[in-house]
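Below is one structure, written out as structure tokens, with a few remarks after it.
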Amino acid sequence: MSAALHERPVSGRLRGDSGQAGGIEVLPFGFLLFVSVTLLFVNVWGVVDAKLAVTSAAREAARAYSESDNESSARIAANARAAETLAAYGRGGDRASINVPTLSDYWRCARVTVTVSYEVPAIAVPFLGGFGSAQQVTSSFTELVDPYRDRLVDEARC
């Protein structure tokens, strides 16, 4: 005879749902954990993306400064290029700060360091903006004023 014909009787202890831990009470905890970990990863990516943006903006601003003809046009070009680069990354506005130092003399081989900072909010929600205290992400880039640039006085001293 086959085993299907000889079923073993199930004891009364295994019948019914009494004592069953269904696990439904764990679902809200799991959902909360999923949401909090997702927010953490989004915030970490926001900081990494902001670091890429400020690094590129500082580099572009320093290059624009070093390739200009005089100090006043160099400052304007550096600020404009940094703002354009941040805007291309989707950053900018009131959270960004661009620091272009004033050189006493604008001459060939002068060293200029441009610093760009951006405040990243603690929690960034798409279409709603950011909430919470901000982290400051900063990057600097140093460049020499072009030693072969036309319209600059003096000789290159580098």
Side-chain angles (χ1 to χ4, degrees), residues 1-68 71-103 106 109-146:
M1 295 197 152
S2 68
L5 297 175
H6 294 292
E7 292 184 19
R8 299 174 92 190
V10 179
S11 67
R13 185 175 66 105
L14 299 177
R15 289 189 185 148
D17 290 336
S18 62
Q20 178 69 27
I24 193 82
E25 61 275 357
V26 179
L27 288 178
F29 176 72
F31 180 72
L32 210 83
L33 186 64
F34 173 74
V35 169
S36 61
V37 169
T38 302
L39 285 175
L40 176 70
F41 284 139
V42 167
N43 186 30
V44 167
W45 177 249
V47 171
V48 169
D49 188 44
K51 183 66 175 175
L52 292 171
V54 296
T55 301
S56 295
R59 182 182 61 243
E60 290 299 320
R63 286 184 181 165
Y65 190 97
S66 69
E67 294 173 355
S68 295
E71 206 272 330
S72 62
S73 67
R75 290 182 59 76
I76 293 169
N79 283 319
R81 185 82 58 92
E84 289 172 5
T85 304
L86 287 173
Y89 273 91
R91 310 276 178 175
D94 57 345
R95 292 186 184 162
S97 66
I98 303 163
N99 182 15
V100 181
T102 303
L103 293 178
Y106 187 81
C109 299
R111 185 175 303 274
V112 61
T113 301
V114 178
T115 303
V116 179
S117 299
Y118 188 80
E119 292 183 3
V120 180
I123 298 173
V125 179
F127 306 111
L128 296 178
F131 302 101
S133 62
Q135 291 177 301
Q136 187 92 9
V137 178
T138 303
S139 184
S140 298
F141 194 81
T142 302
E143 185 87 18
L144 295 176
V145 174
D146 190 1

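Computed from heavy atoms alone, side chains included, the values below leave out hydrogens, waters and symmetry copies.
Annotation for Tyr118 and Val54: closest pair CB-CG1, 3.6 Å, computed over non-hydrogen atoms. Between Ser139 and Thr55, the shortest heavy-atom contact is OG-OG1, 3.3 Å. Considering all non-hydrogen atoms of both residues, Ser140 and Thr113 come closest at CB-CG2, 4.0 Å. Nearest heavy-atom pair, Cys109 versus Leu144, reported as atom, atom and distance to 0.1 Å: O-CD2, 3.6 Å. When all heavy atoms of Ile98 and Ala83 are compared, the closest pair comes out as CD1-N, 3.9 Å.
Within the model, atoms CG of Asn99 and CG of Asn79 stand 9.0 Å from one another, a figure rounded to the nearest 0.5 Å.
For the side chain to side chain contact (heavy atoms under 4.5 Å, CB included) test, residues two or more places apart in sequence or in another chain that qualify with Ala57 are Ala82, Thr85, Leu86, Val116. Under the salt bridge (charged side-chain N to carboxylate O under 4.0 Å, His left out) criterion, Arg81 pairs with Glu60, not counting sequence neighbours. Applying the side chain to side chain contact (heavy atoms under 4.5 Å, CB included) criterion to Ser36, with sequence neighbours excluded, gives Leu33.
With hydrogens and angles ignored, the 3.5 Å screen pairs a side-chain donor or acceptor of Lys51 with a backbone N or O of Thr138. Using a distance-only test at 3.5 Å, with no hydrogens or angles considered, a donor-acceptor pair links the side chain of Arg75 to the main chain of Val100.
Taking the side chain as every heavy atom from C-beta outward, Glu71 and Tyr65 approach each other to under 4.5 Å. Between Arg95 and Pro121 there is a side-chain heavy-atom pair separated by less than 4.5 Å. Annotation: side chain of Arg91 is in contact with side chain of Asp49 (closest heavy-atom distance under 4.5 Å).
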